[in-house]
> 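Here it is: the structure, laid out below.
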Number of protein chains: 2
Amino acid sequence: MRCITLLLAIAAVSIAAVQASPAAVPFASHGRRLPLSVAAGLRSTPAEATSERLKGQYNYDVKWFTQTLDHFRFDTNATFQQRYLISTANWNGYGPMFFYTGNEGDIEWFADNTGFVWEIAAEYNALVVFAEHRYYGQTMPFGDKSFDLDKVGYLTTEQALADFAILIPALKAQLNVPNLPVVAFGGSYGGMLAGWFRLKYPNVVDGAIAASAPIVYFQDLTSTEIFNEIATNDFALTDARCPNIIRDGFSKVDALSKTAAGLQSISKAFKLCGTLQPADYATFIGWLEAGLTYMAMTDYPYASNFLQPMPAWPVDASCKALLSTFAGTSDSVAALNTAVGVYYNYTGQTACNNISSQATSDLGVLGWDYQSCTEMVMPMGSDGIHDMFPAAPWDLKSFNEYCKKRWNVVPRPTWAATSFGGFNITAGSNIVFSNGMLDPWSGGSITQIQSQTLVVVNIPKGAHHLDLRSSNPADPQDVIDARNVERAQISRWISR
Amino acid sequence: MRCITLLLAIAAVSIAAVQASPAAVPFASHGRRLPLSVAAGLRSTPAEATSERLKGQYNYDVKWFTQTLDHFRFDTNATFQQRYLISTANWNGYGPMFFYTGNEGDIEWFADNTGFVWEIAAEYNALVVFAEHRYYGQTMPFGDKSFDLDKVGYLTTEQALADFAILIPALKAQLNVPNLPVVAFGGSYGGMLAGWFRLKYPNVVDGAIAASAPIVYFQDLTSTEIFNEIATNDFALTDARCPNIIRDGFSKVDALSKTAAGLQSISKAFKLCGTLQPADYATFIGWLEAGLTYMAMTDYPYASNFLQPMPAWPVDASCKALLSTFAGTSDSVAALNTAVGVYYNYTGQTACNNISSQATSDLGVLGWDYQSCTEMVMPMGSDGIHDMFPAAPWDLKSFNEYCKKRWNVVPRPTWAATSFGGFNITAGSNIVFSNGMLDPWSGGSITQIQSQTLVVVNIPKGAHHLDLRSSNPADPQDVIDARNVERAQISRWISR
């Protein structure tokens with residue numbers, strides 16, 4: 001069983017959170033929870049965070065808004081400070097508001113990695129706002145106590161949407177533009193938020209670009225194994241042998257893991273910083289899976305160092321490297337090492353691999369772990385047949401046990417579909433659902449057109465919300481076309 | 001200042017709740033809160049409740065559903081028992097579900113007084129469900145402790161809508177009809193709920209009949225005085241002299257109230273059970289206003305004993321009786337007494353008038369008082385110029401003070417419009433807003449067509465949701481036409 005969480009760009013196994021305390025490793029004997037929040041992990045120290053920022057690329061003011069803590073109860077008037085970024089650089093007083101519905105991380109990181117919004121802000125003379133999601137980044141309602149069990153309960157998707165619904169009219173009032181049209185943007189969980197925001201508050205937002213938004217990756221709506229199948233298919237697109245060799249590599253690793261000598265051999269093959277212990281085996285498998293699936297998610301057409309320094313088309317590079325190793329050694333374990341090495345050590349600078357490097361206590365990870373234990377339950381598993389990973393079916397019972405132990409909550413896996421509609425959203429309007437079809441998350445997203453005003457743009461050669469990234473000379477025509485569809489829809493929405 | 005609450009049929013000053021405890025009479029020096037929840041008052045004892053029921057007119061099973069206490073927090077798994085009524089008598093297994101979104105009162109009372117749903121259930125072979133709103137009727141999440149300050153916080157409109165959103169799929173699953181179309185019905189606050197339910201959960205409900213639903217009776221959306229203006233105009237429709245005499249009557253009563261002898265004289269003129277005390281004067285004024293406005297709200301074309309035994313067209317009867325008294329006496333106080341007597345003593349059986357007869361501790365009244373102190377703030381005032389009542393402008397400050405003292409909450413008067421859209425609902429679909437134009441609540445309702453799928457039906461000769469009542473030989477053509485529009489829309493929604 002795996003429970004994947006999202007970051008702007010990333011699925012990631014919640015091993016990070018799981019490892020934060022001994023009480024939080026519930027799945028050692030059941031399977032693994034896929035790594036997640038890699039990006040959050042990368043930002044685990046301020047120094048790292050700063051070094052990741054594309055400094056000065058976009059200019060904005062950082063501001064704070066006094067936000068209602070609980071929109072759905074009235075026995076408290078408590079407030080907190082919500083951070084948002086605002087840029088009037090391109091705004092002429094008439095252009096629309098482009099509003100990014102911040103997701104599970106530092107809002108500056110999203111602002112820096114959502115070049116599309118900035119690029120078209122100039123075209124539309126738009127006011128740009130990026131709003132931070134409560135309990136992420138610096139928007140901590142109770143400071144460093146925010147994740148105390150008696151304080152974390154205000155972290156819900158409904159509260160976050162209400163925050164946005166309150167913030168936007170307040171900003172419009174401040175600027176004295178009550179009728180300014182508003183377009184929401186978001187990618188990944190932020191894309192889910194953007195789409196749901198339009199569905200739930202069409203009085204506040206005129207349209208939404210919901211990029212790579214897996215709004216149907218919930219129980220009873222989507223196969224729990226589709227994510228891993230798509231990641232597998234991505235490798236097969238380069239060469240059908242790759243998934244088979246990877247599957248064989250996992251199988252041999254599993255056999256090796258049964259003995260001390262085998263664990264030694266694994267440690268050597270994967271250049272681990274220490275000898276793998278049986279208790280860490282699930283973490284190790286999660287680490288391998290993360291390397292492979294993150295390449296699928298961020299299979300961008302140009303070299304990037306979004307999560308890790310990676311070549312253009314990393315899946316292609318990984319598969320080819322794997323084939324090369326395998327051709328030389330006939331060793332599927334060595335080949336698997338080569339494959340994940342494109343993710344973990346593309347630069348060749350890594351002295352040894354620390355499989356718990358994702359085990360940060362970054363608050364973004366904590367926040368998503370809580371959300372995934374409450375309403376954002378996105379069930380994920382693998383069968384090892386249609387995908388290349390060790391079989392690990394989704395196991396709600398174990399997941400519930402973990403969530404009860406860690407957060408003292410019982411997940412409500414069907415609530416999100418009831419609350420937000422699941423597939424049944426045709427009463428909504430003015431949303432573009434864009435999907436990079438290489439992205440494993442596309443398996444739980446809206447990929448078929450729903451109505452004239454619920455537009456789907458699939459990007460065959462696109463990875464996780466490629467369309468929201470800055471334009472790049474290497475962009476395939478697919479994504480250029482997709483962005484033009486989005487422009488056309490935005491123009492329609494704001495001309496009402 | 002007046003703060004009106006709704007019951008199925010009724011606006012009513014929250015004097016009842018206000019009088020429940022000495023702490024709850026904040027407005028003696030500021031003005032009055034209009035009577036409300038008359039119906040709830042009528043049901044203040046089980047015996048009365050039973051005697052009001054139209055026994056055996058409609059048959060249903062009374063059932064209970066285990067409902068989630070808090071849909072918006074996950075740190076509790078508490079549940080409560082929600083009451084609902086279900087009838088399969090007309091259902092053929094294919095016909096739609098007609099679902100009444102229960103409002104602030106006993107659900108059986110709504111079932112008994114919503115004949116239209118039962119009548120068309122036969123036409124549509126429909127399954128009929130009436131769901132009780134949490135904290136009303138017998139649906140008390142914490143029994144008789146439900147209104148304790150630490151327990152009442154789960155009483156919100158959002159929670160109630162979520163209850164409905166959970167209940168409907170559960171019933172469909174029980175009956176194994178996952179794709180059954182669902183139509184919501186509601187009148188007054190129930191109409192607001194029906195409309196909002198469709199706006200917020202179009203995945204659960206295919207369309208809604210929102211009858212006499214004042215969804216824009218909120219701050220900054222509608223004049224605070226429109227309710228009293230419409231009530232006044234209703235009297236003027238019979239004879240323009242009536243409002244003037246009533247206004248004069250109020251004025252003379254006010255002058256009399258300054259002295260002990262005057263209070264004696266008032267007590268005699270209005271046949272009060274005791275001598276009016278200065279401290280009860282605001283209650284007395286509220287009692288007079290209630291009599292007049294309730295006749296306007298329930299100005300039905302046939303004799304009814306919905307709230308009180310009343311003749312057909314009670315406003316007309318009241319105005320004519322008033323004119324007759326005034327013609328004989330030239331005494332506007334006596335005329336005012338005659339006018340309200342049509343409401344309070346149509347049968348002539350009342351030995352004396354108890355102005356605190358609304359001062360019940362009925363839970364329905366308590367519940368609405370709490371809701372009106374949180375998000376259902378429906379500001380109401382009068383200016384004594386455009387209306388016939390003593391001037392009493394809406395006073396948010398005093399209202400806030402009351403709510404703080406009574407419930408330890410601060411009202412959020414603009415939240416409902418943000419949450420539910422106010423006038424800005426054109427992104428929604430499949431709602432009929434029907435309005436009896438004699439009903440003072442029509443002033444805060446949607447009376448202009450919004451789109452092809454947001455249909456408005458105004459009923460010039462209709463009072464508060466006349467269309468939802470059983471058909472009657474005295475029905476004006478207006479309401480017959482309105483019901484046919486509703487049938488046509490329902491047919492469209494369920495044939496999708």
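Letters go in sequence order (proteins before strands), and every chain restarts at 1.
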> Output the option from A/Phe423, A/Phe420, A/Phe72 having the highest count of non-hydrogen pairs under 4.5 Å with chain B.
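Among A/Phe423, A/Phe420, A/Phe72, the one with the most close pairs to chain B is A/Phe72.
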
> With 3.5 Å as the limit, can you list every donor-acceptor pair between chain A and chain B, backbone and side chains included?
unit_1	atom_1	unit_2	atom_2	d
A/Asp70	O	B/Arg412	NH1	2.8
A/Asp70	O	B/Arg412	NH2	3.3
A/Arg73	O	B/Arg412	NH1	3.4
A/Arg73	O	B/Arg412	NH2	3.1
A/Thr76	O	B/Arg412	NH2	3.0
A/Lys200	O	B/Lys200	NZ	2.5
A/Lys200	NZ	B/Lys200	O	2.5
A/Asn203	O	B/Asn424	ND2	3.1
A/Asn203	ND2	B/Thr418	O	2.9
A/Arg412	NH1	B/Asp70	O	2.8
A/Arg412	NH1	B/Arg73	O	3.4
A/Arg412	NH2	B/Asp70	O	3.3
A/Arg412	NH2	B/Arg73	O	3.0
A/Arg412	NH2	B/Thr76	O	3.0
A/Thr418	O	B/Asn203	ND2	2.9
A/Asn424	ND2	B/Asn203	O	3.1

> Go through the structure and list residues passing ring pair (Phe, Tyr, Trp, His ring centres under 6.0 Å) with B/Phe433, not counting sequence neighbours.
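None.
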
> Find the one option among B/Pro202, B/Gly421, B/Gly422 whose heavy-atom pairs under 4.5 Å with chain A are most numerous.
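Max contact count across the listed options: B/Gly421.
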
